[in-house]
Participant: 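Dumping the structure here so I can ask a few things about it.
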Amino acid sequence: ELCKTTFPTYIESATGQRTRLMSLPKTPPPYIVLESEACEGRRLHVLSLAERPQTLGRGHESDVRIANVSISRCHASIAYFGGRIFLQDHGSKFGTLVAMRRPRQLDASAPLSVQVGQTVLAL
């Protein structure tokens, strides 16, 4: 299928000069990578926590939109303060990480799966 085909990121002229088709911005640290799998396939989200917390939810204003009825519009947020990464549930109906009620420090060196409603994200 066309949508499953890998396309080059550059084109090459007859003289051998390469021209980029698109440029990818460098994500400023600290950042996290969220991995999710859905019926549409695997998705990766690279989120910089350098400037502000990132929100997870099904609402249009969320940084990472998760289209699932078990996800609140503004379900949770991930933030970086004082060298630590925090995940905070925003009073969602189905909770985040075993109905977490207060912020929890995440260990950046250890992989972690986060359940948000019925969706599991790998950090």
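Side chains included, hydrogens not; waters and symmetry mates left out as well; all remaining heavy atoms used. The structure displayed is predicted, hence computed values, not measured ones.
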Participant: Around atom CD of E61, are there more than 12 heavy atoms of other residues, nucleotides or ligands at under 6.0 Å?
Facilitator: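 Buried by this count: over 12 neighbours within 6.0 Å.
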Participant: Specify the closest pair of heavy atoms between A76 and L87, including all atoms of both residues, with the distance to one decimal.
Facilitator: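 The pair with the smallest heavy-atom distance is CB-CD1, 4.3 Å.
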Participant: Are the side chain of S48 and the backbone of P29 linked by a donor-acceptor contact shorter than 3.5 Å?
Facilitator: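 Absent.
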Participant: Return yes when atom CD of E51 has more than 12 non-hydrogen atoms of other residues, nucleotides or ligands closer than 6.0 Å, and no otherwise.
Facilitator: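 Counting neighbours around CD of E51, 12 or fewer heavy atoms of other residues, nucleotides or ligands fall under 6.0 Å, so no.
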Participant: Please examine the side chains of I66 and H75, heavy atoms only from C-beta on, and report whether any two atoms are closer than 4.5 Å.
Facilitator: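 The answer is no, as the side chains (C-beta and beyond) never meet within the 4.5 Å cut-off.
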Participant: Please find the pair of heavy atoms, one from S62 and one from T55, that lie closest to each other, and give the distance.
Facilitator: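 It is CA-OG1, 3.3 Å.
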Participant: Testing the basics here: between F81 and F86, what is the closest heavy-atom pair and its distance to 0.1 Å?
Facilitator: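 Scanning both residues, the minimum pair turns out to be O-CE1, 4.0 Å.
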Participant: Cation-pi between R18 and Y10: NZ/CZ under 6.0 Å from ring centre and within 45° of the ring axis?
Facilitator: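 Ring-cation test returns yes.
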Participant: So, for R65 and H60, which heavy atoms are closest and what is the spacing to 0.1 Å?
Facilitator: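 Distance-wise, the nearest heavy atoms are NH1-ND1, 3.4 Å.
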Participant: I need the minimum non-hydrogen distance between S92 and S72, along with the two atoms involved.
Facilitator: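 For S92 versus S72, the nearest heavy atoms are CB-OG, 3.2 Å.
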Participant: So which of Q54, H90, R52 actually passes side chain to side chain contact (heavy atoms under 4.5 Å, CB included) with S77?
Facilitator: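 Among Q54, H90, R52, the one that satisfies the side chain to side chain contact (heavy atoms under 4.5 Å, CB included) with S77 is H90.
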Participant: Please name the residue in the list V64, I32, D63 that meets the side chain to side chain contact (heavy atoms under 4.5 Å, CB included) test with I78.
Facilitator: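 Of the listed residues V64, I32, D63, the side chain to side chain contact (heavy atoms under 4.5 Å, CB included) partner of I78 is I32.
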Participant: Minimum heavy-atom separation for L47 to T27, with atom names?
Facilitator: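 Smallest heavy-atom distance, with atoms named: C-CG2, 4.4 Å.
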